[in-house]
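Presented below is the structure to which this report refers.
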Amino acid sequence: MKIRKAIIPAAGYGTRLLPATKAMPKEMLPIIDKPTIQFIIEEAAASGIEEILIVTGKGKKVIEDHFDSALELEYYLEQRGKFEELRKIREFTGIVDIHYIRQSERKGLGHAIGVGRKFIGNEPFAVLLGDTFFDADPPSLKQLMDGYDRLQTSIVGVQSVAADKVSSYGIVDAKPLVDSFAYVNRLVEKPAVDASPSRLAMVGRYILTPSIFDILENQSPGVGGEIQLTDALNQLLAKEAIYTCEIKGRWHDVGDPLGYVKAILALTKQRAHLKQNLQDEMNELLKEDPQSPDSGSGDPAS
Ligand code: G1P
């Protein structure tokens, strides 16, 4: 069966980026001049997804406004002959159908996906986390969808992370199969590094079979008191095989402060007129400042 629908959970608090995310959804944080969630929707559309459900929460209405038409603004730009700006706000319209549903209580990723049950019905579907995008060709989701065509079961996108990042992600224990695919034995949500089965982290891209919904409905809270998708996937393993797909491309975890800065730098590099001055500016900025408490005088290990 073809993957046609996707869920984008975008209801979390974004606590790693407070206070910026106090009133502004982290999914709307701009990477230069485009909100993160727009990259994600463009990726889904480029992968062949036809319909998207964004699971929003309190304070996330601005996401709906962003993807709505803006007639007043369009008129304003038209009157002033600002056609390039007009193109920028119009180019996105209609590339994919977007629906919204509110998760009234923030009970975790697993719960947010469960909220999409009626929208999905009884077909396999994609999940793209709203704070993660990739610079990848083919698009990261397309890599998973191509895997689904061959394997016909749930697939989790993974990449290797440094040891000090293991406890921030869901980690998989998997046995290599073929190409970028491996067979999942078990999954652990945010393990301590010394208890982690590997360094292969789930990176916010999933293809799931609809069997996950019954499991999510009866799922008890796990790590952090939240209904965890990772726990539900462990239960799914008892019924169906799950594979990992090691995504080829650059992963941007925008929900993490350093990840956010790196995403902006990576995209700056892709824009010729911005890239030109970036190196000089960075050299200037990073020059040792003798006044700065961070300049590391004395102890080389500090
Ligand atoms: C969620 C998932 C985790 C995954 C991560 C990717 O965690 O629970 O398994 O590795 O997204 O970003 P969160 O970042 O919502 O705490």
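One-based numbering, in listed order, for ligands and for the atoms of each. On a predicted model such as this, the values are computed, not experimentally measured, just so you know.
- Between Ser168 and ligand 1, not a single N/O pair is under 3.5 Å apart.
- Checked for salt-bridge contact, Glu85 and Arg80 miss the test: no charged N lies under 4.0 Å from a carboxylate O.
- Residue Asp146 forms a side chain to side chain donor-acceptor pair (under 3.5 Å) with just one option from Lys142, Gln143, Arg150, and that option is Lys142.
- Applying the 4.0 Å criterion to heavy atoms of Gln228 picks out, from ligand 1, the atoms 8 (O).
- Shortest contact from atom 6 (C) of ligand 1 to any protein heavy atom: Met202 O, 3.4 Å.
- Any N or O atom pair closer than 3.5 Å counts here, and Leu109 shares no such pair with ligand 1.
- The residues Glu50 and Lys5 are annotated as not salt-bridged, no charged nitrogen and carboxylate oxygen being separated by less than 4.0 angstrom.
- Salt-bridge formation is detected for the pair Arg16/Asp253: a Lys NZ or Arg NE/NH1/NH2 atom is positioned less than 4.0 Å from an Asp or Glu carboxylate oxygen.
- Counting side-chain heavy-atom gaps under 4.5 Å among Ile, Leu, Val, Met, Phe, Trp and Tyr, the cluster of Leu77 also holds Leu73, Tyr76, Phe83, Leu86, Ile89.
- With salt bridges taken as basic N to acidic carboxylate O contacts below 4.0 Å, none links Glu281 and Lys275.
- Note: an N/O pair closer than 3.5 Å links Lys190 and ligand 1 by distance alone.
- In terms of the side-chain contact (heavy atoms from CB on, under 4.5 Å) criterion, residue partners of Ala46 (sequence neighbours excluded) are, by chain and number, Pro139.
- For the ligand labelled ligand 1, residue Leu129 lies inside the 4.0 Å heavy-atom shell.
- Interface atoms of ligand 1 facing Thr230, defined by a heavy-atom separation under 4.0 Å, are 9 (O).
- Protein heavy atom nearest atom 2 (C) of ligand 1, with residue, atom name and distance: Glu189 OE2, 3.6 Å.
- The protein does not reach atom 15 (O) of ligand 1 closely, with no heavy atom under 4.0 angstrom from it.
- Of the protein's non-hydrogen atoms, the one nearest atom 12 (O) of ligand 1 is Tyr169 CE2, 3.9 Å.
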